[in-house]
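Lettering of chains follows the sequences in order, A, B, ..., and the numbering in each one begins at 1.
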Amino acid sequence: MKITAIRGFRDILPDESDLWQIVASQARTSFSTYGFSEIILPILEKTELFARAIGETTDIVEKEMYTFTDRDESSLTLRPEGTASVIRSYIEHSLHQKEPVSKLFYIGPMFRRERPQKGRYRQFHQIGAEILGRDDALIDAELLLMLNDFFTALRLDVSIDVNSLGCSTCRPQYREHLRTFGESKFAALCENCHGRLQRNPLRILDCKEEGCRHATSDAPVLADFLCDPCRQHFGQVQALLQNEQVKITVNSRLVRGLDYYCRTSFEVLALGLGSQNAVCGGGRYDGLVEQMGGPAIPGIGFAIGVERLAMLLQAQERQDSTVPDVFIVPVGEAAESQAFAVARRLRRDGYRIELESGRRSLKAQMRRADKLAVPYVLILGENEITAGKGTVRDMRTKADRSLAVDLSTSAQDMMNAIRAPSAQLADLSRPPEGNQHKAKSEV
RNA sequence: GUGGGUGUAGCUCAGCUGGCAGAGCACUGGGUUGUGGCCCCAGGGGUCGAGGGUUCAAACCCCUUCACUCACCCCA
């Protein structure tokens, strides 16, 4: 019986993992320009943390958490999201007393026991960012701006959907209006929405059913119910972003799942992800820190789904950053130790070197060099070893330069010799497939 | 948790009414004694997801089960 990865968990193999590196390093770069620092959090927390932060009646807490009993009978949970841990840490270390505003980001795995499907895994990864300590519109706008910068830097053309969910004074009123409205349209709504009407009426606004969309087309709009402070806040956020020409779409039907969101809420949707089409979701959560036993400190944050983002980037063309600079071909076993030493010397200077086996035919080695799209091959055969000089083949011009590289010189000198005439030929591109140029011989 | 689809070589997939397990790509060697892409030849690689049943004979028919996948729900 073959052992395989468990359901909903998966390996990220090298051709995908380099994409992850790009995403993670871009996040670090983009976020640091906005003054964010990385926080590294435990993956395991007390179950109570998530139950309180996310909400006892949410799907996540009710049926999706990996919860187990530790040897001392305490209940532990593999984190299903990151915000709760950030808040716990923020309160635990009294960060609010050390600085007026905390800007934190994290990257790591999250766990939810859902049925897997395209873009949804039981272990998935999020890049999240949180700003704690300020509730003014400037902060909301700054966070959205940063998000926009991040996606732009990855050359993804996305639009951010934004809405205001109001606060504890204005939302309950709207909620009741919407429920009354929904009950008046009861017959036209789907079965799911009948349940939503009881549990969370706002959810009927983003139902995918055609009938429900039609029935709710003239539903009351949340924006009309916002209290003055909320209305003003949301207006400022929009104005700030419009001044910066950030592409946002006000979507009055945008509602977010987790209990703690209020005021500014947003998500980034993308095509090509199947029905799990949100790459990023977030919003403001002003009462949460206090609710978790900390001081009354406002917060806002978002989480980006790394798998989904990687899927989007995969669809784009990518350049392979792992192509070796030089491919070393020892011909015969006798040449291997010399080749080994040369490879070592070049690598120590930071060059990417691929070393083949002298036991394989020259032809086979060349075939692989071609496959890797290597620009230069350094051939070390009998003649080269006795002369102490390597032969270079420029794979693009197909030109050999016999014994052109003195193997006793420094790595830098060897590289200069290997690349010598390539400066003039820098823009020479690889000929198209099937092209039958004759090899030029030189020297 | 609920539905649909699919499981055959490393990958993508053929395989008819049951009758010797196949192709393309990839990999390895050779054609070219020390030189890549195209072409040609050869080779390695399979518990046909698993278990049971029917049959002289099952990848194929029946039952059970597992996995993967897409969608609902929910969410990143």
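- The aromatic rings of A/F150 and A/F31 sit tilted, their planes meeting at an angle between 30° and 60°.
- Comparing A/F124 and A/L273 by the nucleotide of RNA chain B that holds the closest heavy atom to each, the one mapping nearer the 5' end is A/L273.
- Nucleic acid contact class of A/A278 (heavy atoms, under 4.0 Å, all strands): sugar-phosphate only.
- In this structure, the side chains of A/D370 and A/F327 stay at 4.5 Å or more apart for every pair of heavy atoms.
- Between B/G36 and A/R393, no contact under 4.0 Å exists linking OP1 or OP2 to a side-chain N or O.
- Of the candidates B/A76, B/G29, B/A71, the closest approach to any side-chain atom of A/S275 belongs to B/A71.
- For the pair A/S275 and A/K208, the minimum side-chain heavy-atom distance is below 4.5 Å.
- Relative orientation of the A/H194 and A/F186 rings is parallel, given thresholds of 30° and 60° on the angle between their planes.
- Here A/G274 lies in heavy-atom contact (under 4.0 Å) with sugar-phosphate atoms only.
- Counting non-hydrogen atoms under 4.0 angstrom, A/R10 reaches nothing in the nucleic acid.
- The shortest side-chain heavy-atom distance between A/L132 and A/V86 falls under the 4.5 Å cut-off.
- Between the side chains of A/S25 and A/Q21, no donor-acceptor pair is found at a separation under 3.5 Å.
- Of the possible polar contacts, one joining the A/E307 side chain to the A/H125 backbone as a donor-acceptor pair under 3.5 Å is found.
- Remark: the separation of the C1' atoms in B/A71 and B/G10 is 30 Å, to the nearest Å.
- Across all strands, A/R115 comes closer than 4.0 Å to base atoms (heavy-atom distances).
- Within the 4.0 Å cut-off from OP1 or OP2 of B/U35, not a single side-chain nitrogen or oxygen of A/Q365 is found.
- Considering only the side chain of A/R203, B/C75 comes nearest among B/C72, B/C75, B/C27.
- Here A/R396 does not reach the OP1 or OP2 of B/G36: none of its side-chain N or O atoms lies under 4.0 Å away.
- Between B/C20 and B/A58, the two P atoms lie 11 Å apart (nearest whole Å).
- The P atoms of B/G45 and B/A23 are separated by 14 Å, rounded to the nearest whole Å.
- Across the C1' atoms, B/G18 and B/A57 are found 8 Å apart, a figure rounded to whole Å.
- The residue A/Y121 sits close to a base: some heavy atom pair falls under 4.0 Å.
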Scan nucleotides 30-34 of chain B against the protein and return all N/O pairs shorter than 3.5 Å with their distances rounded to 0.1 Å.
residue, atom, partner, partner atom, Å
B/G30, OP2, A/S361, OG, 3.4
B/G31, N7, A/K363, NZ, 3.0
B/G31, O6, A/K363, NZ, 3.3
B/G34, O6, A/E382, N, 3.3
B/G34, O6, A/N383, N, 3.0
B/G34, O6, A/N383, ND2, 3.1
B/G34, O6, A/E384, OE1, 3.3
B/G34, N1, A/E384, OE1, 2.8
B/G34, N1, A/E384, OE2, 3.1
B/G34, N2, A/E384, OE2, 2.9

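- Distance noted for atom C1' between B/C48 and B/G43: 23 Å (whole Å).
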